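All remarks here apply to the structure that follows.
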Amino acid sequence: MSAPARSDRPLDDWRPEDEAFWDRAGARIARRNLVFSVLSEHIGFSVWSLWSVIVLFLGPEYGFDPAQKFTLTAVPTLVGAAMRIPYTFAVARFGGRNWTVVSALLLLAPTISIAIVLEPGVSYRTLLLVAAVAGVGGGNFASSMANINAFYPQRLKGWALGVNAGGGNLGVPAVQLVGLAVLATAGAEHPRLLLAVYIPLIVVAAVLSARYMDNLPSLRNDKGAMREVTRDPHTWVMSLLYIGTFGSFIGFGFAFGQVLQVQFHAEFATPVKAAYLTFLGPLLGSLVRPVGGLLADRWGGALVTFWNFVAMAGAAFAVYVASRQESLGLFLTGFVLLFVFSGLGNGSAYKMIPAIFAVRLGSEPAARRASGALMGIAGAVGALGGVLVNVAFRESFLNSGRGDAAYLAFLGYYAFCLVLTWAVYLRPARGRSARI
């Protein structure tokens with residue numbers, strides 16, 4: 001990939017809201033940083049979601065039941081959620097370029113660990129520990145979003161954050177496609193081939209980030225901003241909404257292959273049959289995330305998010321009906337729609353965050369600091385939704401052998417989120433829907 005190299009001068013003079021500055025130099029610099037931010041975040045998502053693929057390689061010779069496999073996919077989700085808070089601070093503390101390089105190299109820990117321990121006879125406790133290390137890939141999202149948020153003007157944040165997050169989210173279907181290729185060609189006995197693809201890519205991403213990205217010295221580590229936003233009720237409202245959108249996306253992305261194998265075992269008796277479909281939903285959900293940002297730029301994030309939750313509730317109901325009727329066609333259609341709408345909602349919800357503080361604080365630097373802190377918190381809490389999705393599936397299948405209880409829980413949560421969005425941001429008395 002050819003791109004103009006970064007300047008050796010620090011970007012002390014960074015004024016993205018100044019249109020003359022933006023047209024002269026800002027847009028080019030921001031675009032270059034966005035490209036390599038997406039690359040590193042994309043690989044981070046792939047490593048974070050590795051276990052959604054690795055569990056498909058865990059055949060009978062490993063001796064693990066479906067409940068244990070759901071736990072293996074929930075553990076990196078939980079750790080990744082926790083990592084998002086310190087990763088948000090790390091950008092301001094070390095610089096966007098510097099931390100992108102470090103966070104990329106940290107991805108070598110989980111990939112090399114899996115390559116060392118994964119073989120029949122490995123203890124379940126060992127796999128839980130190695131799965132937890134994969135959580136470092138979940139932190140990359142928070143640092144990447146905080147960094148790109150600082151590079152772009154308010155009028156373009158929905159698009160830029162959507163592209164950054166959508167490109168990163170594509171790491172989920174990408175690793176599933178690589179896993180499918182390994183399963184279909186070499187077979188379930190060769191999971192290390194998956195790692196042989198990603199370990200070199202991690203090194204390449206780190207080198208390119210060091211060569212082409214920039215630090216923003218003006219992006220200071222403001223711990224006070226984190227303390228302030230934790231006292232702001234909008235922080236927790238947005239975190240709850242993000243559980244519904246991103247939590248659904250990452251949770252379904254981790255669990256979908258196992259759900260197919262357990263609930264429709266006759267049709268998906270082998271891992272490769274499930275792998276043929278597991279990538280489709282995350283792929284579509286990732287691709288439409290920038291569309292959610294663009295729609296939010298045009299119509300307001302709150303309005304788009306509200307109608308998106310209406311659609312998600314409808315899709316969850318369709319999945320529930322399909323499960324009761326054992327209709328594979330309707331089940332797949334409903335789940336793909338859940339992925340699509342969760343992707344749209346990811347884009348529109350993240351657009352709401354900088355818009356909220358732009359309206360409330362007015363000052364661009366203050367709004368940027370506050371929105372960066374909120375992105376870290378909402379990203380962490382939202383990622384916990386992925387844990388809840390896997391736990392819901394685990395309990396539902398343990399208790400009934402079906403996912404019906406989980407689907408009803410998802411439906412109820414989406415209904416709660418659409419009511420919350422309307423009550424806080426769209427009621428006529430608020431008068432905010434055109435701006436947030």
Side-chain angles (χ1 to χ4, degrees), residues 1 39-64 66 68-70 72-73 75-77 80 104-124 126-138 140 167-208 250 253-258 260-261 268-283 286:
M1 180 183 296
L39 174 63
S40 182
E41 187 194 349
H42 174 95
I43 297 173
F45 261 96
S46 290
V47 172
W48 192 26
S49 53
L50 260 176
W51 282 90
S52 70
V53 178
I54 294 296
V55 293
L56 299 179
F57 287 88
L58 302 181
E61 66 274 17
Y62 284 86
F64 303 133
Q68 289 176 307
K69 293 180 182 179
F70 277 119
L72 283 172
T73 56
V75 166
T77 315
L105 292 175
L106 285 173
L107 300 175
L108 292 172
T111 49
I112 293 174
S113 298
I114 296 172
I116 292 172
V117 308
L118 193 62
E119 60 184 4
V122 63
S123 72
Y124 185 62
T126 298
L127 288 190
L128 283 175
L129 178 61
V130 174
V133 178
V136 297
N140 286 28
N169 291 171
L170 281 170
V172 179
V175 73
Q176 292 170 345
L177 279 170
V178 175
L180 170 60
V182 173
L183 286 167
T185 56
E189 299 79 20
H190 300 283
R192 287 179 177 82
L193 291 177
L194 183 65
L195 307 170
V197 172
Y198 276 95
I199 290 174
L201 286 177
I202 291 167
V203 176
V204 169
V207 171
L208 290 177
I250 199 66
F254 279 38
F256 189 40
Q258 296 179 77
L260 290 177
Q261 283 198 288
F268 301 98
T270 64
V272 70
K273 289 182 178 179
Y276 275 119
L277 287 175
T278 52
F279 74 91
L280 180 60
L283 174 64
S286 301

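Computed from heavy atoms alone, side chains included, the values below leave out hydrogens, waters and symmetry copies. Just so we're clear, the structure is a prediction, and the values are computed from it rather than from any experiment.
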task: State, with a plain yes or no, whether a side-chain heavy atom of Gln176 is found less than 4.5 Å away from one of Ser52.
output: yes

query: Taking C-beta and beyond as the side chain, do Leu193 and Val178 meet within less than 4.5 Å on heavy atoms?
result: no

- prompt: Say you draw a straight line from CG of Asn169 to CZ of Phe45; how long is it, rounded to the nearest 0.5 Å?
  reply: 4.5 Å

- prompt: Do Leu118 and Tyr62 have side chains that get closer than 4.5 Å, going by heavy atoms?
  reply: yes

field: Validation row: Leu107, Ile199 side chains within 4.5 angstrom (heavy atoms)
entry: no

query: At their closest point, which heavy atom of Lys69 faces which heavy atom of Phe64, and how far apart are they?
result: CE-O, 3.7 Å

query: Atom CD1 of Ile43 and atom CG of Leu170: how far apart are they, to the nearest 0.5 Å?
result: 12.5 Å

- prompt: So which pairs with a foot in residues 179-196 pass side-chain hydrogen bond (donor to acceptor under 3.5 Å, both in side chains), sequence neighbours left out?
  reply: none

field: Closest heavy-atom pair and its distance - Ile114, Leu195
entry: CG2-CD1, 3.6 Å

Beyond-backbone contact of Ser123 with Thr126, side-chain heavy atoms, under 4.5 angstrom: yes

query: Can you name the nearest heavy-atom pair linking Ala188 to Pro191, along with the distance?
result: O-CD, 3.8 Å

statement: Paired with Val117, the side-chain contact (heavy atoms from CB on, under 4.5 Å) test is passed by just one of Ile112, Val130, Leu129, namely Val130

- prompt: Nearest 0.5 Å, what's the OH-CG distance between Tyr124 and Leu58?
  reply: 10.0 Å

- request: May I ask you to test the Val197-Val182 pair for a side-chain heavy-atom distance under 4.5 Å?
  value: no

Working for side-chain contact (heavy atoms from CB on, under 4.5 Å), residues Ile54 and Leu72: CA-CA 9 Å; Ile54 294 296; Leu72 283 172; over 6 Å; no

- prompt: Can Ile202 and Val47 be said to form a side-chain contact (heavy atoms from CB on, under 4.5 Å), step by step?
  reply: CA-CA 10 Å; Ile202 291 167; Val47 172; 4.2 Å; yes

- prompt: Closest approach of Phe57 and Leu183, non-hydrogen atoms and distance?
  reply: CE2-CD2, 3.6 Å

message: Using every non-hydrogen atom in the two residues, find where Ala255 and Phe70 come nearest and quote the distance to one decimal.
response: CB-CE2, 4.0 Å

query: Pairs in or reaching into residues 41-50: which pass side-chain hydrogen bond (donor to acceptor under 3.5 Å, both in side chains), with residues at least two apart or in two chains?
result: Glu41-Ser144, Glu41-Asn164, Ser46-Tyr198

- request: To the nearest 0.5 angstrom, please state how far the CD1 atom of Ile116 sits from the OG1 atom of Thr111.
  value: 9.5 Å

Leu260 versus Phe268, closest heavy-atom pair with distance: O-CD1, 3.8 Å

- prompt: OG1/Thr73 to CH2/Trp51 distance, rounded to the nearest 0.5 angstrom?
  reply: 10.5 Å

- request: Give, for atom CG of Leu56 and atom CD of Gln258, the distance between the pair rounded to the nearest 0.5 Å.
  value: 7.0 Å

